[in-house]
Amino acid sequence: MSGGWKVGVVTGTRTETPSARSITLDVPGWGGNLAGQHLDLRLTAEDGYQAVRSYSVASAGPGDTVELAVDRIDTGEVSPYLVDELLPGDQVELRGPLGGWFVWKPETSAPAVQLIAGGSGVVPLLAMARAHAASGSIADMRLLYSVRTPDDVFFRDELQRLGVDVTFVHTRRAPDGASRPAGRVTRELLAELVHPASVDPDVFVCGPTGFVESVATWLVDLGFRPERVKTERFGGL
Amino acid sequence: MAIVSRGFGSRRRESSPDLPPGQFLTTDFPVLSAGPTPDIDTDDWEFTIRTETGQAHTWSWEEFLALPAEDVSTDIHCVTRWSKLGTSWRGVSLDTLFEDVESSHDFVMAHSYGGYTTNVPLEDLLDGKAWIAYEFDGEPLEPEHGGPARLLVPHLYFWKSAKWVRGLVMQADDEPGFWEQNGYHLYGDPWREQRYW
Ligand SMILES: Cc1cc2nc3c(=O)[nH]c(=O)nc-3n(C[C@H](O)[C@H](O)[C@H](O)COP(=O)(O)OP(=O)(O)OC[C@H]3O[C@@H](n4cnc5c(N)ncnc54)[C@H](O)[C@@H]3O)c2cc1C
């Protein structure tokens with residue numbers, strides 16, 4: 001049940017990449033969320049003007065602590081404020097948790113799980129990797145993570161610690177000594193880097209709309225069952 | 001009294017009295033779907049209206065295109081908060097499709113290729129309020145926007161305008177569809193901000 005607007009107090013922020021940061025909030029009455037859900041965040045200006053945007057929740061499980069991670073869209077209205085201006089102690093309004101479909105639950109998981117992220121689309125997938133670790137699930141969870149450069153990885157250290165197998169695709173610049181040159185995800189790369197369709201994995205794809213459209217279409221071409229492929233489109237092209 | 005965000009509000013989006021509460025204008029056409037975009041060949045496409053007696057009214061793509069079509073100019077409002085004003089569509093009015101359909105049920109479940117469903121009261125589909133649309137901006141409707149054909153019920157949030165629609169099934173009660181079971185509002189009036197239950 002999403003209920004009404006709740007007040008969240010920023011308790012911490014951390015720079016994740018040159019364009020993104022994570023924000024931790026204390027939200028009395030939040031009461032926890034499933035891995036993969038999102039919330040609506042509302043900002044109000046001094047003259048009463050308001051703007052609302054959706055953000056995935058990076059945290060999962062019970063409790064009133066909510067973690068978000070926001071990438072700055074330079075031409076945007078809300079994300080530059082969240083990335084550059086919000087400070088610990090500031091208050092924002094939140095509504096949620098929202099969405100009951102793009103969620104991973106240990107008790108109903110397929111034995112194999114493939115997460116596929118484009119950019120900030122990693123946020124709800126990190127929640128799934130965290131829930132996987134917290135539940136001690138034995139599902140074979142893998143993450144394919146498309147980023148522009150090695151500097152654009154969100155939650156780098158934690159991803160390494162969580163015990164999920166992570167494969168990066170660097171679209172603009174690959175790290176020194178990388179086995180693949182920089183380049184976008186293609187259908188062929190996808191086939192090579194994800195769980196095969198034959199193991200019938202649960203697949204979660206999240207990121208900019210164009211990325212999700214291409215990846216989800218290729219997955220179906222490659223024989224993944226459409227009903228196993230869940231998508232979350234963040235917007236943009 | 002709402003919480004005021006220190007220093008927020010310098011880069012506001014254009015607002016307009018034509019916008020329902022909490023919506024902002026976009027010039028792109030964002031996509032909301034829960035899974036992959038299905039690839040539907042118009043040779044295999046069919047549209048069916050099924051009533052409580054089991055009677056089915058079915059149109060093939062050719063039969064469907066032969067029905068009288070209307071040009072529709074309308075505003076659309078997505079639950080993810082974007083709105084587009086004055087969009088142009090071409091499609092067949094549901095008044096035309098329901099002409100020979102007899103049912104005593106007041107509710108409809110729209111079914112789509114790919115398995116999605118959404119529930120709508122019948123009265124929201126009739127009297128010039130809804131279409132099965134197959135062109136957007138004078139071009140065939142793109143698959144990611146619901147092509148070959150989608151339901152168009154512009155006075156409700158846009159998830160009610162089921163993409164890849166394949167049929168309507170009459171139902172006695174307003175049973176929730178896919179989106180509604182996953183947290184979206186049963187009715188979805190943007191002017192009353194009925195986003196979530
Ligand atoms: C369910 C859901 C979950 C989301 N979760 C996250 C999240 O965890 N982290 C995060 O950073 N964002 C997330 N987003 C995107 C977020 O809601 C905003 O769209 C984003 O922060 C831009 O808002 P803005 O006000 O800065 O830009 P706006 O002023 O709204 O838009 C400015 C321009 O940027 C374009 N644009 C909007 N979103 C994107 C995008 N994602 N990529 C590229 N271009 C875009 C718009 O089309 C517009 O032209 C999520 C979106 C949805 C629907």
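Protein chains get the first letters and strands the later ones, always in sequence-line order, with residue 1 at the start of each.
- Distance alone, capped at 3.5 Å, places no donor-acceptor pair between the B/Ser5 side chain and the A/Ala45 backbone.
- Within a 6.0 Å radius of CD in B/Glu142, other residues, nucleotides and ligands contribute 12 heavy atoms or fewer.
- Using a 4.5 Å heavy-atom cutoff, the side chains of B/Phe8 and A/Gln50 are not in contact.
- The closest donor-acceptor contact from the side chain of A/Thr44 to the backbone of B/Val4 lies at 3.5 Å or more, if one exists at all.
- For CD of B/Glu123, the number of neighbouring non-hydrogen atoms (other residues, nucleotides, ligands) closer than 6.0 Å is 12 at most.
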Trace of the side chain to side chain contact (heavy atoms under 4.5 Å, CB included) decision for A/Trp101 with B/Phe178: CA-CA 9 Å; A/Trp101 175 249; B/Phe178 168 82; 3.4 Å; yes
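- Residues B/Ser33 and A/Arg233 are in side-chain contact: their nearest non-hydrogen atoms beyond the backbone lie under 4.5 Å apart.
- With no hydrogens or angles considered, a side-chain donor-acceptor pair links A/Glu213 and B/Thr37 at under 3.5 Å.
- Note on A/Val52, A/Val215, A/Val220, A/Leu86: by heavy-atom pairs under 4.5 Å with chain B, the leading option is A/Val52.
- For B/Phe29, no part sits under 4.5 Å from any heavy atom of chain A, backbone or side chain.
- Of the listed residues B/Gly22, B/Pro143, B/Ala34, B/Gly115, the one with more heavy-atom pairs under 4.5 angstrom with chain A than any other is B/Ala34.
- No cation-pi contact links A/Arg95 to B/Tyr196, judged by a cut-off of 6.0 Å to the six-membered ring centre and 45° from its axis.
- Other residues, nucleotides and ligands contribute at most 12 non-hydrogen atoms within 6.0 Å of the CD atom of A/Glu46.
- Geometrically, B/Arg6 does not engage A/Tyr81 in a cation-pi contact defined by less than 6.0 Å to the ring centre and at most 45° from the axis.
- Between B/Arg81 and A/Asp40 there is a salt bridge, with a side-chain nitrogen of the basic residue lying less than 4.0 Å from a carboxylate oxygen of the acidic one.
- Counting heavy-atom pairs under 4.5 Å between each of B/Pro38, B/Gly9, B/Gly35 and chain A puts B/Gly35 at the top.
- By the neighbour-count criterion of 12 heavy atoms within 6.0 Å, atom CZ of A/Arg184 is sparsely surrounded, having that number or fewer from other residues, nucleotides or ligands.
- Among the candidates A/Val78, A/Val205, A/Leu87, A/Val203, the residue making the largest number of heavy-atom pairs closer than 4.5 Å to chain B is A/Leu87.
- Rounded to the nearest 0.5 Å, atoms CZ (B/Arg12) and CG (A/Leu43) are 11.5 Å apart.
- Within a 6.0 Å sphere centred on CG of B/Asp39, heavy atoms belonging to other residues, nucleotides or ligands number 12 at most.
- A side-chain contact (heavy atoms from CB on, under 4.5 Å) with B/Val31 holds for exactly one of A/Thr231, A/Val212, A/Thr209; it is A/Thr209.
- Looking only at side-chain heavy atoms (C-beta outward), B/Pro36 and A/Thr217 stay at 4.5 Å or farther from each other.
- Heavy atoms only, all atoms of each residue included: A/Pro80 and B/Arg11 are closest at CG-NH1, 3.4 Å.
- In this structure, B/Ile3 CD1 and A/Leu94 CG are separated by 10.5 Å, a value rounded to the nearest 0.5 Å.
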